[in-house]
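Fair warning: this is a prediction, and the values are worked out from it, not measured in the lab.
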Amino acid sequence: RNKRPSLRERHGSVGIAPIAVRRRRRSTRVGAMPRPSPAEQGRSPHMILQVGQGVDLGLKLDSLPPSPAIIGAVAPGSWAHCHDVRRGDELLAIDGAAVALMAPHDVSERLSQRPVQLVIRCEADPVDKLVGTEYDDGRGPPTSPRSIAHGRLLTALTAHDGDALERAIDAARAVGVSEASLQAAQRALHAFGGPGGAARRKGMQQVAADKLAEAVASQQERAIDAAILFAIDAGLEDGLAEAEQELAKCRQVRVQALDALIAAMERCVIESESSVALTGSAAVAPDVLEELRRRILEAQRVCDGDEDTIDCATKLLRFEEQRVADLRSTRATVRGQMVKLEGLADSFQKILAPDAGGGSPDGAQPNGPRAATLFDLSAPRIRQA
């Protein structure tokens with residue numbers, strides 16, 4: 001009789017909506033809970049981001065290929081910050097091209113282009129690295145078919161496996177991955193050479209290795225540079241460090257050869273100017289010209305003959321050699337004219353000198369005072385000329 005009437009008894013059953021009771025969640029100390037993974041934080045393990053025109057990324061890479069391209073800093077309020085890019089994330093691909101296959105300068109150049117598509121692997125928190133993929137409460141990270149498809153795509157990208165990438169593209173298309181992501185993966189597949197491209201790439205890497213060895217043995221700067229570029233395109237990493245060291249040595253030798261050539265050119269010009277000041281003729285000593293000729297040959301051997309300095313030195317050598325040849329010809333001509341003038345002077349002396357016998361046979365004096373005076377005036381001047 002003293003029982004409290006129920007809600008149904010007081011209000012009836014008509015028009016009464018069911019009442020949902022919300023239980024208070026048990027509070028737990030924050031420090032005792034593991035940190036959530038990128039997936040639990042609302043971040044996909046991999047992100048594919050599209051960067052539009054006029055956008056400043058606002059991120060800085062700590063390392064470049066061949067090391068992983070790790071993001072070292074993100075500016076607050078920047079595009080990267082607004083898209084939840086964080087310090088420690090790894091840049092995997094740019095416009096469908098794997099970053100691991102790029103040269104360091106190619107990464108910077110591609111990041112500056114707009115529009116551009118970036119594939120980023122989110123870095124797990126340190127607690128996740130320690131406990132692995134399992135959590136303290138026994139639950140695994142939440143995964144979806146699209147997340148699994150993205151993971152397979154990026155695994156195939158990092159492995160440079162065209163066959164696996166083609167299968168991953170088909171699986172991603174089946175679960176509804178965005179068309180932009182599929183197009184980026186298709187471009188990467190084309191870069192890998194399509195299905196079966198792994199074998200072709202391996203063959204290209206072998207050819208690149210042979211070219212590197214041949215170029216290093218030749219010690220030619222141009223050949224080594226071309227072989228290094230071919231090896232980078234083929235994705236070859238072994239032997240690149242040794243080839244780059246040899247390339248640096250060749251460049252140092254080229255610089256030294258050009259410095260020596262410039263010094264020989266300066267000596268030749270100074271010798272020519274000094275000769276003009278002292279003797280009035282621009283005659284260069286033969287040893288100076290020989291030194292210039294030797295330096296030109298050495299520079300041509302080291303620089304493959306493709307240097308403006310070598311062309312200038314060659315023109316200077318030809319000019320000086322021609323001037324020396326012209327000077328020799330002029331001296332020979334003058335010497336011949338002097339011999340002729342001396343002979344003419346002797347002829348004048350015989351004709352105009354007084355007769356040693358005292359006169360002509362008929363007793364006349366054909367060579368008078370006028371003839372003697374003419375000889376006295378002409379002979380010394382002819383000899384002097």
So does [Y] get a backbone contact from the side chain of [X], meaning a donor-acceptor N/O pair under 3.5 Å?
X: D62; Y: I71; value: no
X: S329; Y: A325; value: no
X: R121; Y: H46; value: no
X: S112; Y: E109; value: yes
X: T314; Y: I310; value: yes
X: S272; Y: V269; value: no

Value rounded to 0.5 Å, distance of [atom1] in [X] from [atom2] in [Y]:
X: R222; Y: C250; atom1: CZ; atom2: SG; result: 12.5 Å
X: S181; Y: R173; atom1: OG; atom2: CZ; result: 11.5 Å
X: R87; Y: K60; atom1: CZ; atom2: NZ; result: 11.0 Å
X: L111; Y: L59; atom1: CG; atom2: CG; result: 7.0 Å
X: I224; Y: E246; atom1: CD1; atom2: CD; result: 5.0 Å
X: E271; Y: L289; atom1: CD; atom2: CG; result: 8.5 Å

Looking at [X] and [Y], what are the two nearest heavy atoms and their distance?
X: P65; Y: P104; result: O-CG, 3.4 Å
X: C268; Y: V288; result: CA-CG1, 3.7 Å
X: A227; Y: A215; result: CB-CB, 3.9 Å
X: A285; Y: D287; result: CB-OD1, 3.0 Å
X: V74; Y: S78; result: CG1-OG, 4.0 Å
X: G96; Y: L157; result: O-CD2, 4.5 Å

Test salt bridge (Lys or Arg N to Asp or Glu O under 4.0 Å) applied to E321 and R318, step by step:
CA-CA 5 Å; E321 288 178 341; R318 291 175 180 173; over 6 Å; no
I'd like to check the salt bridge (charged side-chain N to carboxylate O under 4.0 Å, His left out) partners of [X]; sequence neighbours left out, ordered by chain and number.
X: R328; answer: none
X: R167; answer: none
X: R295; answer: E291, E298
X: R114; answer: none

Taking everything shown except H81 itself, do over 12 heavy atoms lie less than 6.0 Å from its NE2?
no
Decide if atom CZ of R293 counts as having more than 12 heavy atoms of other residues, nucleotides or ligands within a radius under 6.0 Å.
yes
Under 4.5 Å between side-chain heavy atoms, counting indirect links through other Ile/Leu/Val/Met/Phe/Trp/Tyr residues: same cluster for [X] and [Y] or not?
X: V107; Y: I232; result: no
X: V255; Y: V253; result: no
X: V99; Y: L64; result: yes
X: L258; Y: I296; result: yes
X: V55; Y: V116; result: yes

[X]: partners by side chain to side chain contact (heavy atoms under 4.5 Å, CB included), with sequence neighbours left out:
X: D225; answer: L229, L247, R251
X: Q322; answer: D326
X: E242; answer: none
X: A149; answer: A172, V175, V177

Is any side-chain heavy atom of L118 closer than 4.5 Å to a side-chain heavy atom of I94?
yes
Any side-chain heavy atom of L261 within less than 4.5 Å of one from L292?
yes
Which is it for I48 and S178 under the side chain to side chain contact (heavy atoms under 4.5 Å, CB included) test, yes or no, and what are the steps along the way?
CA-CA 10 Å; I48 301 179; S178 65; 5.9 Å; no
Side-chain cluster (under 4.5 Å, hydrophobic types only) that [X] belongs to, other residues:
X: V207; result: F230
X: I262; result: none
X: V339; result: none
X: I70; result: none

Residue that, paired with L297, satisfies side-chain contact (heavy atoms from CB on, under 4.5 Å) out of R294, Q300, R301:
Q300
When you check the gap from the basic side-chain N to the acidic O, do E320 and R323 get nearer than 4.0 Å?
yes
Start with the C-alpha gap between M47 and C122, add the side-chain angles, then the distance that decides, and say whether side chain to side chain contact (heavy atoms under 4.5 Å, CB included) holds.
CA-CA 7 Å; M47 296 188 296; C122 299; 3.8 Å; yes
